[in-house]
Amino acid sequence: MGGLIQNIKLIGADLPKLEALREKGRNSFLSQGLPTAKTEAWKYTRVRELADDDFVMEETCGSDCSKEHSSCCCQGKCALPFDAYEIHFCDGKLREDHFHLPEGVQALPLIDAVAENETTAFLNKSFEMQNFPFAALNTAYLEQGVFLRVESGVCLDKPLAFIHHSHGGVKRFANLRNIVVLETGAQATLIEVYQYSGEAKSEYCNNIVNEIFIGRQAVLRHYKIQSEALKAVHIALNAVKVRENGLYESFCRQKGANLARQETHVVLQESGAEAVVNAVYMMNGWATLDTTTDIEHLAQNTRSNQLVKGVVGGQAKGVFQGKIHIAPNAVQTEGYQLHKALLLSDEAEVDVKPELEIFADDVKCSHGATCGELDAEQLFYLQSRGIGAEEARQMLIEAFVDESFQMIKDDNIRHWMKSF
Amino acid sequence: MTAPLLEIEDLHARAGDKEIIKGFNLTINEGEVHAIMGPNGAGKSTLSYVLCGKPGYEIISGNVRFKGKDLLSMSIEERAREGLFLIMQYPVEIPGVPTTAFLKHAVNAIRLHRGEPELDTMEFIKMVRETGKSLGIDNEMLKRPVNVGFSGGEKKRMETLQMTVLKPDMAILDEADSGLDIDALKVVAEGVNALRNGKRSMLVITHYQRLLNYIVPDFVHVFANGHIVKSGNKNLALELEEKGYAEFIKDKA
Ligand SMILES: Nc1ncnc2c1ncn2[C@@H]1O[C@H](COP(=O)(O)OP(=O)(O)O)[C@@H](O)[C@H]1O
Ligand SMILES: [Mg+2]
């Protein structure tokens with residue numbers, strides 16, 4: 001079990017507070033261990049792959065190594081088809097340490113931000129380690145990632161994108177921690193892309209924690225594409241806190257990895273706070289793709305909306321666990337959740353666990369789940385007009401997920417996410 | 001001399017475990033318009049589905065040749081590409097698939113099969129819009145998902161539009177008049193008549209004679225008990241309108 005706790009040299013060992021936090025992370029992870037079938041929050045998603053002892057936590061080497069990276073890799077290769085501030089990561093390491101962002105937007109490598117005491121109010125402040133074993137593990141290896149702060153009233157003019165390139169080679173386990181702070185009235189669009197540039201069968205693991213703090217009246221739109229290599233593991237937690245009238249809106253498209261979990265935990269702390277958590281996952285083969293959400297309504301007049309659609313073929317498995325918690329004083333809140341799955345084969349599987357915990361009166365709350373196959377009448381109709389069987393199936397699959405993509409208001413981002 | 005386009009020989013077919021089509025024979029030559037009339041539940045829709053290859057129907061025995069080729073061994077899309085088209089009694093709604101995109105796929109699949117170059121988007125849009133105009137289908141309707149929220153009349157007009165742009169050699173119209181008021185019926189009938197060209201054949205399935213005032217058939221067949229029990233010219237339809245189907249059902253019972 002200690003296999004994932006390895007004694008490697010991390011940058012920032014001279015920062016006592018950081019070292020202490022890492023130590024807490026190690027202890028928390030060691031006391032929890034990897035989730036098993038008995039771990040309620042993980043009961044549908046097995047993490048056997050990670051029990052193997054051969055994952056390697058890679059040290060970040062000095063400046064000579066970053067040169068190697070800049071020549072090996074993928075700069076430009078996956079540049080977005082629209083204008084954005086791009087920050088590239090290569091095998092879980094930041095490729096540059098200076099970012100060019102407009103005034104009013106501060107972006108630093110996480111370690112620099114810790115050294116400058118920028119992170120005190122935010123680092124490990126958005127989740128409890130004992131509930132998130134992988135976030136605890138992530139804390140043990142705190143080093144890589146970005147600290148981003150958008151100052152009060154500033155509206156970032158272009159999306160900011162974290163673009164991750166992974167390669168084959170060693171069975172690398174990367175831990176990434178980003179902190180995103182939007183001050184009062186700030187607005188930003190954040191994009192995350194995870195993709196591989198090596199062997200399709202590369203085995204590696206990305207373990208990501210994003211801590212997101214949305215101030216009063218601030219708006220963060222957060223788009224993510226998970227397109228990891230076929231045998232990769234991808235575990236991500238978005239831990240979000242939203243203050244008065246703030247909005248967190250996210251859309252995650254998962255299509256890669258053999259095991260992936262996107263967990264989104266939003267705390268709507270003050271009145272008027274709102275969360276929109278949408279997702280689409282599509283896979284074949286033997287993959288397990290897990291979408292887990294937990295929306296906590298702590299204040300009155302808060303709203304949340306979730307639409308998650310999955311397309312599952314082969315022997316793959318989709319998991320959706322969606323929780324809406326409404327605290328006793330959170331009256332006049334609205335929480336909606338809908339999960340729809342399309343099963344393309346007899347052996348495909350979807351496990352759904354909705355949970356509503358409602359402790360307040362005067363709330364509007366609903367959840368729903370559907371699970372079906374491609375409609376035979378629709379397929380016949382398309383084919384009877386000359387459209388080939390496979391093309392007809394693709395059209396219907398696209399039609400099924402289209403409703404979700406329509407939730408993305410920006411045309412460029414919607415087209416890109418749809419066609420990725 | 002006209003050549004046979006569709007030849008159905010002693011066809012027996014099941015829907016579920018019930019034999020619906022029992023010894024059906026019919027030959028339709030190029031350019032001919034045949035009407036099939038029969039009581040509700042006779043198996044008219046079943047016949048049209050069997051011809052188009054809809055899953056869920058089992059052929060027990062018999063042969064069907066289309067342009068001399070074995071129709072029953074073709075996939076659904078092959079039949080369509082060979083030139084068979086069905087106006088469905090109940091066109092299905094397909095949310096999320098825009099009508100224009102769907103039609104473009106269909107047109108190009110069929111053109112490809114015929115060895116014609118694919119149409120680019122501009123050419124295609126122009127053609128569909130022009131065709132739509134004559135059928136009272138505006139651009140707004142074309143942008144909507146296939147049949148979603150369309151009224152009964154709109155659905156049938158959309159089916160007629162599809163038929164017009166796909167230019168089939170043989171069109172089967174399954175109750176093209178059901179649920180239509182007289183104006184909508186005229187629009188659909190005009191669209192259908194515009195396609196009559198001496199080469200293209202049609203099989204017009206209907207319960208009522210009314211439609212045949214507008215789409216005048218060369219032959220009329222009475223379909224009961226799973227096969228044709230009587231054939232004649234257009235006057236047979238008038239006769240049926242008067243007397244109903246009772247004598248045919250009773251005859252066999
Ligand atoms: N898929 C099916 N399974 C079982 N019975 C069917 C099926 N489709 C049609 N039938 C039955 O076959 C008969 C003929 O139906 P149909 O072809 O729709 O008649 P029509 O179009 O002449 O009104 C009816 O009794 C109907 O209930
Ligand atoms: Mg019928």
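As the structure is a computational prediction, the values presented were derived from the model and not from experiment. Residue numbers begin at 1 in each chain, while the letters A, B, ... track the order of the sequences.
For residues 386-410 of chain A, the set of pairs meeting the ring pair (Phe, Tyr, Trp, His ring centres under 6.0 Å) definition, not counting sequence neighbours, comprises A/Phe251-A/Phe405.
Between the CD1 atom of B/Ile76 and the CD1 atom of A/Ile387 there is a distance of 12.0 Å, given to the nearest 0.5 Å. How far CD1 of B/Ile94 is from CG of A/Leu396: 6.0 Å, rounded to the nearest 0.5 Å.
Put simply, of A/Ala389, A/Ala376, A/Ala392, the one with the most heavy-atom pairs under 4.5 Å next to chain B is A/Ala389. Chain A forms more heavy-atom pairs under 4.5 Å with one residue of B/Ala109, B/Pro168, B/Ala106, B/Pro98 than with any other, namely B/Ala106.
Within the 4.5 angstrom heavy-atom criterion, atoms from both the backbone and the side chain of B/Pro91 approach chain A. With a 4.5 angstrom heavy-atom cutoff, B/Phe102 touches chain A via backbone and side-chain atoms both. Contacts of B/Ile110 with chain A are made by side-chain atoms alone, with heavy-atom separations under 4.5 Å and no backbone atom involved. In this structure, chain A has no heavy atom under 4.5 Å from any part of B/Val107.
Closest approach of A/Phe380 and B/Pro55 over heavy atoms only: CD1-CD, 4.1 Å. Taking each heavy atom of B/Pro95 and A/Ala399 in turn, the nearest pair found is O-CB, 3.4 Å.
Residues passing the side-chain contact (heavy atoms from CB on, under 4.5 Å) test with A/Ala287, sequence neighbours excluded: A/Asn258, A/Met283. The salt bridge (Lys or Arg N to Asp or Glu O under 4.0 Å) check on A/Lys323 picks up A/Glu357, with sequence neighbours excluded.
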Record all donor-acceptor atom pairs with a distance under 3.5 Å between chain A and chain B; write none if the list is empty.
{"residue": "A/Glu377", "atom": "OE1", "partner": "B/Lys54", "partner atom": "NZ", "Å": "3.0"}
{"residue": "A/Glu377", "atom": "OE2", "partner": "B/Lys54", "partner atom": "NZ", "Å": "3.0"}
{"residue": "A/Gln378", "atom": "NE2", "partner": "B/Glu93", "partner atom": "O", "Å": "2.9"}
{"residue": "A/Tyr381", "atom": "OH", "partner": "B/Asn147", "partner atom": "ND2", "Å": "3.3"}
{"residue": "A/Tyr381", "atom": "OH", "partner": "B/Glu159", "partner atom": "OE2", "Å": "2.3"}
{"residue": "A/Tyr381", "atom": "OH", "partner": "B/Gln162", "partner atom": "NE2", "Å": "2.9"}
{"residue": "A/Gln383", "atom": "NE2", "partner": "B/Glu77", "partner atom": "OE1", "Å": "2.6"}
{"residue": "A/Arg385", "atom": "NE", "partner": "B/Gln162", "partner atom": "OE1", "Å": "2.7"}
{"residue": "A/Arg385", "atom": "NH1", "partner": "B/Leu86", "partner atom": "O", "Å": "2.7"}
{"residue": "A/Arg385", "atom": "NH2", "partner": "B/Leu86", "partner atom": "O", "Å": "3.0"}
{"residue": "A/Arg385", "atom": "NH2", "partner": "B/Glu159", "partner atom": "OE1", "Å": "2.6"}
{"residue": "A/Arg385", "atom": "NH2", "partner": "B/Glu159", "partner atom": "OE2", "Å": "3.4"}
{"residue": "A/Gly386", "atom": "O", "partner": "B/Arg81", "partner atom": "NE", "Å": "2.8"}
{"residue": "A/Gly386", "atom": "O", "partner": "B/Arg81", "partner atom": "NH2", "Å": "3.0"}
{"residue": "A/Ala389", "atom": "N", "partner": "B/Glu77", "partner atom": "OE2", "Å": "3.0"}
{"residue": "A/Glu391", "atom": "OE2", "partner": "B/His105", "partner atom": "ND1", "Å": "2.2"}

